[in-house]
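This report refers to the structure that appears directly beneath it.
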Amino acid sequence: MKNKGILFTLLLSIVLALAACGTSSEKANGDGEGKKKLRVVTDAAYAPFEYMDKDKIIGFDVDVFTAAAEEAGYEFEIVNVGWDPVFAELENGTADVGLSAITINDDRLKSYDFSIPYFESTNKILAPEGTDIEKAADLVDKTVAVQAGTTGADAVDALLGNANEKVKKFENNNLAILEMKNKGADAVVADNAVLETYAKDNPQDNFTVIEDKEGFESEFYGFMFPKDSEIVDDLSKGLNAILDNGKYAEIYKEWFGQDPDIENLKAQQ
Ligand code: ARG
């Protein structure tokens, strides 16, 4: 009889232990703080930062976020929702993080929070080889395709004037490039690494990339969050950890074939 009691207690504790394991998926990495699984939204049409490889979202941003989130002890899922919905989801609180080569700027800081910067970028011009475009100012009498709602679109609006019909705005950057391919535009303005990757991967298109350091500002990407999100510091700390421990440099080298300027990035914090 006594033995049965012990056996029962033993079984009960095993059942309880298993039940506890069952709920651990809600506690990311079992650190006991009850961190929720993050919904990370992106526009996966922006190689090499985020793009579709068959049905998988891959890219530099994905690797950097994965490493930073791991340091910070968060589980997450990345969902390809498109550019405008990234902002809408953060605004109405259905997503926790926007991961989309998003430039940190004053306008966005009014409505969103950002992590520390993780990448330096600038706009450049993609145009057919043999173009007479040499600098940003040469775009004034051209037809220019851009992704709507980006800093590239802002830069072109500033040059050609708001609501100028020669600025053609698209839902994603690939559609803007396609428009030029179909001769519907003389140039595309977007982030340098994206245009350089496209030109390199599509030599048959005969596009060239034009730089104008005076015409376009230097920009920095951050992870974007709803205003007053409580996870900003955790993810910034995760980012700093991978900037310090060599993981960021490893990822950067994998995607860009060179070493990052980590000091320059850190100087922006
Ligand atoms: N860096 C630019 C911006 O923030 C363009 C980003 C576009 N990103 C994307 N995944 N389509 O406006």
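Side-chain atoms are counted along with the backbone in the values below, which use heavy atoms only and exclude waters and symmetry mates. One-based numbering, in listed order, for ligands and for the atoms of each.
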field: Numbered atoms and elements of ligand 1 in range of T151, under 4.0 angstrom, heavy atoms
entry: 2 (C), 3 (C), 12 (O)

- prompt: Which residue from R108, E50, E171 reaches closest to atom 3 (C) of ligand 1 through any of its heavy atoms?
  reply: R108

- prompt: Closest non-hydrogen protein atom to atom 8 (N) of ligand 1, residue and atom name please, with distance?
  reply: S100 O, 2.8 Å

- prompt: Going by the atom numbers of ligand 1, which of them fall below 4.0 Å from some non-hydrogen atom of Y221?
  reply: 1 (N)

query: Is there any N or O on D43 that sits under 3.5 Å from an N or O of ligand 1?
result: yes

field: Contact (N/O only, under 3.5 Å) between T150 and ligand 1
entry: no

task: Given ring-ring contact (aromatic ring centres under 6.0 Å, His included), test F60 with F256 step by step and report yes or no.
output: CA-CA 9 Å; F60 173 79; F256 300 108; 5.1 Å; yes

Element-labelled atoms of ligand 1 that are located less than 4.0 Å from some non-hydrogen atom of I102: 4 (O)

message: To check your reading of the model: name the closest protein heavy atom to atom 6 (C) of ligand 1, its residue, and the distance in Å.
response: A101 O, 3.3 Å

More than 12 heavy atoms of other groups within 6.0 Å of E77 CD: yes

task: Give a yes-or-no answer on whether the side chains of N105 and T103 include a donor-acceptor pair shorter than 3.5 Å.
output: no

query: Does any donor atom in the side chain of E219 or T151 lie under 3.5 Å from an acceptor atom in the other side chain?
result: yes

- prompt: How about K166: does its NZ atom have over 12 heavy atoms from other parts shown lying under 6.0 Å from it?
  reply: yes

- request: State if N173 counts as touching ligand 1 under the rule of any non-hydrogen atom under 4.0 Å.
  value: no

statement: Of all heavy-atom pairs linking Q147 and E171, the shortest is NE2-O, 3.2 Å

task: Test K227 against D113 for salt bridge (Lys or Arg N to Asp or Glu O under 4.0 Å), laying out the working first.
output: CA-CA 5 Å; K227 198 99 199 127; D113 281 345; 3.1 Å; yes

- request: Any atoms of ligand 1 less than 4.0 Å from a non-hydrogen atom of Q147? List them with their elements.
  value: 7 (C), 11 (N)

